Amino acid sequence: MTPPHGPTRPDPAAPAGAQRRSALRPPALCPGDQVAVLSVSSPADPAQLAIGLDALRFAGLDPVLYPSAHDQGSVRSYLAGDDRMRTCDLRAALTDPDIAGIIFATGGSGAQRTLEAMDWAGLAGLPPKVLAGYSDVTAVLEAVASKLGWASLLSPMVVSCGGAAGHYSFASMLRALMHPERATYIRYPMATRVAGGTARGVTLGGNLTLLTSSIGTDTSWPARGGILLVEDENEEDYRVDRMLTQLRRSGYLDRVAGIVAGTFVGCGDPAVIEEILTERLGGLGVPMIAWANVGHGGYFQTFPIGVAAELDADAAALRLLDPPLCPAAEPARRPERPVSRGRRPVPGSPGH
């Protein structure tokens, strides 16, 4: 029987070239929905967080702040609270039936520590809810795919909604979150073709550093039969080379169906980065594009994780075979609530 929120969890052992089914797709968000705002990584800048929260309210959502969103490095400067705070916040948001989704406050560093301390017991039977974020959050999106079989969104976060490019990126995120039926065809006009052709598979991937650091853990989600996204920022060219080589040597890339290389901002000479991408990935013999506007540094198009799709490398376009989330039923599946401005009691970690 097909689950109520979408097809069954994709099979990581599917044969190469097989059209894998989408993961369990959460419902789209509706006006009035409460969304958890928390950090699994680093502290969020308070001023930028306030702007991002207002942007979510203007869009009709009701952000609920958890303790980790406020913590300014009480344990270490690069961590939003201790591991217990971050895992308690994440688990509380996943299990609270009043929370319709999670939009992470920021990235940074610390998600791998959060996952190490995370207790997944009792979560597998929950109805899926959307998680949205990128950068360090890549590890968490991988984890909910591998542990729970949920689709999610690699997208901007609450503190990445400002500036000219931020307006574009925020609109792309909102379209996927609230109107997923309008987000099934994604063109990458600035992308270059590395290897032509078309490929079908389930979308996965994200930040290259986080994908590499998850290898060998129980939350890594290998690229077999999938359309893989890789992107990064502020990494030396030799490090990009080394990480791509590690993906190859570990078997992570075995039987990948197609590749979307996103932005590599601050990683040195773009021509050299493209040479490395072509050398390390182009030889896999699958359709591939580079410099798609996904990831750090600019006009970020939200990228679904865990959704069946077709990559057309010649047209530099990704066509989703399912909407990234399950479109909301009409009439609205939940009554609208008055916007609380996130002041209700927080169901986060005890003792903080």
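These numbers come from a predicted model, not from an experiment.
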A.B. asks: For R187, is there any backbone N or O sitting under 3.5 Å from a side-chain donor or acceptor partner on Q301?
C.D. replies: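 Yes; judged by distance alone, with no hydrogens or angles, the pair exists.
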
A.B. asks: Would you mind checking if D83 and R113 are paired as a salt bridge, meaning a charged N to carboxylate O distance below 4.0 Å?
C.D. replies: yes

A.B. asks: So, the side chain of R200 versus the backbone of L311: is there a donor-acceptor pair under 3.5 Å, distance only?
C.D. replies: no

A.B. asks: Considering all heavy atoms of both residues, which atom of P156 and which atom of F300 are nearest to each other, and what is their separation?
C.D. replies: N-CE1, 3.7 Å

A.B. asks: Which one of I259, V194, L244 satisfies the side-chain contact (heavy atoms from CB on, under 4.5 Å) criterion with L277?
C.D. replies: L244

A.B. asks: Under the criterion side-chain contact (heavy atoms from CB on, under 4.5 Å), I'd like the reasoning laid out for V307 against V202: C-alpha separation, chi angles, the key distance, then a yes or no.
C.D. replies: CA-CA 5 Å; V307 176; V202 170; 5.8 Å; no

A.B. asks: Just by modelled atom types, is the N207 backbone N or O under 3.5 Å from a matching donor or acceptor in the T138 side chain?
C.D. replies: yes

A.B. asks: Any side-chain to backbone donor/acceptor pair from E233 onto G266? Under 3.5 Å, distance only.
C.D. replies: no

A.B. asks: CZ of R175 to NE2 of H179: how many Å apart, nearest 0.5 Å?
C.D. replies: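 Nearest 0.5 Å value for the CZ-NE2 distance: 10.5 Å.
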
A.B. asks: For the residue pair L318 and E310, establish whether any side-chain heavy-atom pair is separated by less than 4.5 Å.
C.D. replies: no

A.B. asks: Do side-chain atoms of S74 reach the backbone of D71 as a donor and acceptor pair under 3.5 angstrom?
C.D. replies: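 Not a single qualifying donor-acceptor pair exists.
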
A.B. asks: Any idea which heavy atoms bring V159 and Q48 closest together, and the distance?
C.D. replies: O-OE1, 3.1 Å

A.B. asks: Within a strict 4.5 Å, meaning less than it, do heavy atoms of the L131 and V140 side chains meet?
C.D. replies: yes

A.B. asks: Report yes if the side chains of E274 and W291 come closer than 4.5 Å at any heavy-atom pair, otherwise no.
C.D. replies: yes

A.B. asks: Do D45 and T106 have side chains that get closer than 4.5 Å, going by heavy atoms?
C.D. replies: no

A.B. asks: Just by modelled atom types, is the I99 backbone N or O under 3.5 Å from a matching donor or acceptor in the D33 side chain?
C.D. replies: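 No, the answer is negative, given that no donor and acceptor are paired below the 3.5 Å cut-off.
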
A.B. asks: Are M173 and L53 linked, directly or through other ILVMFWY residues, by side chains that come within less than 4.5 angstrom of each other?
C.D. replies: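 They do share one cluster, since a chain of ILVMFWY contacts under 4.5 Å joins M173 to L53.
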
A.B. asks: A side-chain contact here means heavy atoms from C-beta on lying under 4.5 Å apart; do F303 and Y134 qualify?
C.D. replies: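 Counting from C-beta outward, F303 and Y134 never come under 4.5 Å.
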
A.B. asks: In terms of heavy-atom contacts, does CD of E116 have more than 12 from other residues, nucleotides or ligands at under 6.0 Å?
C.D. replies: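 Check fails, neighbour count at 12 or below.
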
A.B. asks: Provide the closest heavy-atom pair for H296 versus V265 in the form atom of the first, atom of the second, distance.
C.D. replies: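 In terms of heavy atoms, the two residues are closest at O-CG2, 3.3 Å.
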
A.B. asks: I'd like to know if V137 and L79 are part of one continuous hydrophobic network [Ile/Leu/Val/Met/Phe/Trp/Tyr, side-chain heavy atoms within less than 4.5 Å].
C.D. replies: no

A.B. asks: Check whether S214 reaches the backbone of A139 with its side chain - one donor and one acceptor, N or O, closer than 3.5 Å.
C.D. replies: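 No; judged by distance alone, with no hydrogens or angles, the pair does not exist.
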
A.B. asks: Using side-chain heavy atoms (C-beta onward) and a distance below 4.5 Å, is S220 in contact with Y252?
C.D. replies: yes

A.B. asks: With side chains defined as the heavy atoms from C-beta onward, is the minimum distance between T219 and K147 less than 4.5 Å?
C.D. replies: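 When only atoms from C-beta onward are counted, K147 and T219 do touch, with a gap below 4.5 Å.
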
A.B. asks: Let's go through L123 and L126 carefully: what are the C-alpha distance in whole Å and the side-chain angles of both, what is the deciding distance for side-chain contact (heavy atoms from CB on, under 4.5 Å) to 0.1 Å, and is it a yes or a no?
C.D. replies: CA-CA 6 Å; L123 299 181; L126 293 175; 3.7 Å; yes

A.B. asks: Identify the heavy atoms of A23 and G149 that sit nearest to each other, and give their distance.
C.D. replies: CB-O, 3.3 Å

A.B. asks: Report the distance from atom OG of S135 to atom CG of D232, rounding to the nearest 0.5 Å.
C.D. replies: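 Nearest 0.5 Å value for the OG-CG distance: 7.5 Å.
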
A.B. asks: So, using side chain to side chain contact (heavy atoms under 4.5 Å, CB included) as the criterion, who are the partners of T87 when residues are at least two apart?
C.D. replies: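 Listed in chain order: T114, A117, M118.
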
A.B. asks: Between W120 and L115, is the side-chain contact (heavy atoms from CB on, under 4.5 Å) condition met? List the steps.
C.D. replies: CA-CA 9 Å; W120 296 94; L115 292 175; 3.8 Å; yes

A.B. asks: Are the side chain of S172 and the backbone of T302 linked by a donor-acceptor contact shorter than 3.5 Å?
C.D. replies: yes

A.B. asks: Do L210 and V230 sit in the same hydrophobic cluster, where Ile, Leu, Val, Met, Phe, Trp and Tyr count as joined when their side-chain heavy atoms come under 4.5 Å apart?
C.D. replies: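 Shared cluster, no.
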
A.B. asks: If you define the side chain from C-beta out and look only at heavy atoms, does anything of Y238 sit under 4.5 Å from V272?
C.D. replies: no

A.B. asks: Assess whether salt bridge (Lys or Arg N to Asp or Glu O under 4.0 Å) is satisfied between D312 and R319, documenting all intermediate values.
C.D. replies: CA-CA 8 Å; D312 184 341; R319 180 173 65 90; over 6 Å; no

